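A quick write-up on the structure given underneath.
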Protein chains: 2
Amino acid sequence: MRPKLTLKQIAKELDVSISTVSKALRDSPEIGEDTREKIKAFAKFYNYKPNNIALSLKNRKTKTIGIIIPEIVHHFFTTVISGVEKVANEMGYNVIICLSDNSFDKEVINMEMLANGSTDGFIMSLAKETMQKGDYHHLIEVISQGMPLVLFDRVVDQILCDKVIIDDVLGAQKAVQHLIDIGCKRIALLSTVDYVSVGKLRTQGYKLALEENDFELDEDLILKIEEMEESEEKIEHFLKDKDVDGIFAVNEHFAISAIKYIQEHGKRVPEDVSVIGFTDGELSKRFIPSLTTVSQHGTRMGEEAARILIEKLEKTPGEDEQYRTVIVETGLVKRNSTKSLK
Amino acid sequence: MRPKLTLKQIAKELDVSISTVSKALRDSPEIGEDTREKIKAFAKFYNYKPNNIALSLKNRKTKTIGIIIPEIVHHFFTTVISGVEKVANEMGYNVIICLSDNSFDKEVINMEMLANGSTDGFIMSLAKETMQKGDYHHLIEVISQGMPLVLFDRVVDQILCDKVIIDDVLGAQKAVQHLIDIGCKRIALLSTVDYVSVGKLRTQGYKLALEENDFELDEDLILKIEEMEESEEKIEHFLKDKDVDGIFAVNEHFAISAIKYIQEHGKRVPEDVSVIGFTDGELSKRFIPSLTTVSQHGTRMGEEAARILIEKLEKTPGEDEQYRTVIVETGLVKRNSTKSLK
DNA sequence: TTGTAGGCGTTATCAA
DNA sequence: TTGATAACGCCTACAA
């Protein structure tokens with residue numbers, strides 16, 4: 001076992017001072033040609049690489065970005081991570097990931113942990129519990145310490161920081177408009193509870209679309225689901241006595257549960273009922289019928305968030321502090337779960 | 001903006017020495033009751049937290065684990081990460097994730113980057129390109145520097161280190177046995193090229209099962225796919241002139257592509273052809289028909305890998321160096337894509 | 001009971 | 001052209 005080489009060891013080995021070695025390796029013209037070459041050759045041969053930790057301590061920056069997300073077993077978040085990773089890597093940054101598990105406490109702990117020197121800034125999407133509690137002291141703390149924070153997807157108005165979101169309202173509106181365009185008359189909404197911002201916004205888009213087309217809003221056609229676990233039975237129960245010809249679901253799971261129920265009860269998708277989901281998942285592409293969806297472009301969101309964060313990180317702090325909210329547009333991907341009834 | 005508090009600042013503020021503050025905060029009995037209380041109260045009030053970077057430098061350990069995986073947009077890897085994260089968090093470790101994108105170069109760069117002080121050890125699954133090249137110098141380098149490495153899933157015999165794998169051979173064998181048990185006579189195998197270890201092992205299991213049941217091995221019934229992108233057409237082409245009644249696929253995608261093709265060509269799954277996939281994905285559960293699968297238990301693999309790594313990390317290095325290979329067992333999850341033909 | 005000094009690995013400043 | 005020194009933030013053996 002051969003532990004990592006340090007400047008000190010090189011210096012001793014070559015019988016020069018540490019600072020000479022340091023300068024030589026950084027190509028300082030202060031150092032004479034021959035010594036420089038000798039040192040560089042030695043370092044190269046023994047594969048010297050400076051210690052990141054020491055550099056971090058010295059420079060007071062770690063060149064790493066912290067990502068905190070509610071869960072990773074969720075295709076959307078995975079795509080976001082992948083986008084962040086890509087940009088971060090290109091810019092010489094590392095990515096450290098923590099999962100809050102949708103728990104407020106875990107989110108706070110993770111954030112404090114990373115804030116103590118491990119990362120230069122944060123990219124995060126809030127835990128459900130955090131949004132429910134409305135307690136954002138950990139975010140405020142971090143910001144007030146001068147660490148940049150970029151919120152994405154599950155964001156919150158009260159916090160002043162950069163944000164990357166998708167046009168939830170517009171995306172939902174487009175989806176419902178599509179259902180209306182193909183002739184649906186009774187359109188149900190499968191949503192989450194309102195304190196999850198996306199649930200609220202997508203519901204808003206749904207209502208807007210109805211309004212614009214002079215459809216009457218029927219609260220009976222709206223289902224708000226609290227827990228992912230109970231979604232399947234809630235949806236079944238909800239659809240039992242409803243006579244709908246269109247369904248807009250705020251995520252993939254809800255959409256698929258709905259389709260399953262419909263198919264199992266003697267109706268067909270899309271012939272009798274058209275279904276649209278809000279999602280980016282693999283499932284929608286491969287499901288039979290494949291799902292018409294509002295695509296979320298997670299990768300793009302991740303890239304955008306990383307770019308914004310790194311820009312903040314590399315800007316001298318004095319400059320005018322401004323916060324941006326970038327809206328990543330959604331697109332309607334038409335597949336086989338919707339079909340014109342006309 | 002209020003930058004982070006340091007020992008130095010506390011010391012100045014309270015007019016004592018830095019070491020007094022340090023000792024007081026660590027409850028050293030050396031420090032007098034009153035000074036200690038005063039210091040602790042001050043620190044608590046201003047929410048002092050020691051700087052991780054400084055601690056890492058001093059202790060020469062970072063308390064973080066590096067994960068390097070080929071890709072993250074892949075449910076199996078996601079579940080592994082989630083398992084690692086869980087155990088790591090419980091033990092006070094952070095997790096830093098890098099993606100190799102299945103590229104050898106990226107894998108090497110990431111590894112070197114993390115090895116320069118950023119992490120204490122590695123958990124990784126090799127890039128396809130790496131296995132193809134058979135160049136493992138970066139792994140050897142890291143190990144020889146005394147950093148523990150745990151390989152999972154895509155492992156390689158030449159490297160001496162801890163490993164966490166699943167019983168690919170047995171899992172495949174069980175799957176094929178199941179197909180035989182329900183009456184399949186002509187069983188096709190949809191696999192990957194042999195240099196991907198899992199492809200090779202699962203092929204082995206397939207052959208073993210046939211052998212044990214005195215089935216003749218028909219190489220024409222075996223398809224080896226090189227690139228994920230071309231899988232769909234390769235499978236279609238392969239199935240065109242084959243008259244099979246059972247299919248074993250080494251992953252979810254292959255299985256689903258096969259089902260699609262079969263259904264589109266006038267046959268039914270599982271009535272005419274039974275299909276089993278090797279996977280853990282969400283897709284298999286929700287696909288119609290839902291897929292019978294060999295489950296990989298990614299979470300368990302992640303937990304296991306993390307436990308082994310941390311154990312190594314916290315053991316004094318002198319102790320007898322031994323490498324373990326933990327085999328996580330697979331299970332056959334019977335769903336609706338297989339059915340007895342008898 | 002408190003403080004001083006040295007070191008973890010690096011770089012920057014200044015002196016030789 | 002090279003080297004000594006201090007500093008980043010923390011901890012600890014030892015001195016006062």
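Just so you know, these numbers come straight off a predicted model, no measurement behind them. A note on names: the letters A, B, ... follow the listed sequences, proteins ahead of strands, and every chain is numbered from 1.
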Out of [options], which nucleotide sits closest to the side chain of [X]?
X       : options                : result
A:Thr6  : C:dT2, D:dC11, C:dT10  : C:dT10
B:Arg26 : D:dC8, D:dT12, D:dG3   : D:dT12
B:Ala54 : D:dG9, D:dC11, D:dT2   : D:dG9
B:Lys58 : D:dC11, D:dT5, C:dT10  : D:dC11
A:Leu7  : C:dT10, D:dC11, D:dT2  : C:dT10
B:Leu57 : C:dT10, C:dC8, D:dC10  : C:dC8
B:Lys23 : D:dC14, C:dT10, D:dC10 : D:dC14
B:Thr35 : D:dT2, C:dT1, D:dC10   : C:dT1
A:Asn51 : C:dG9, C:dG3, D:dG3    : C:dG9

Do B:Val84 and B:Glu303 have side chains that get closer than 4.5 Å, going by heavy atoms? no

Whether A:Tyr48 contacts C:dT10 is assessed here as follows: a side-chain N or O lying under 4.0 Å from the phosphate OP1 or OP2. Is that the case? yes

Could you tell me whether B:Lys61 atom NZ has more than 12 heavy atoms of other residues or ligands within 6.0 Å of it? no

I'd like to know if A:Ser17 reaches the base of D:dT2 with its side chain, counting only an N/O donor and acceptor under 3.5 Å. no

Given the side-chain rings of B:His138 and B:Phe104, with only the six-membered ring counted for Trp, is the space between their centroids under 6.0 Å? yes

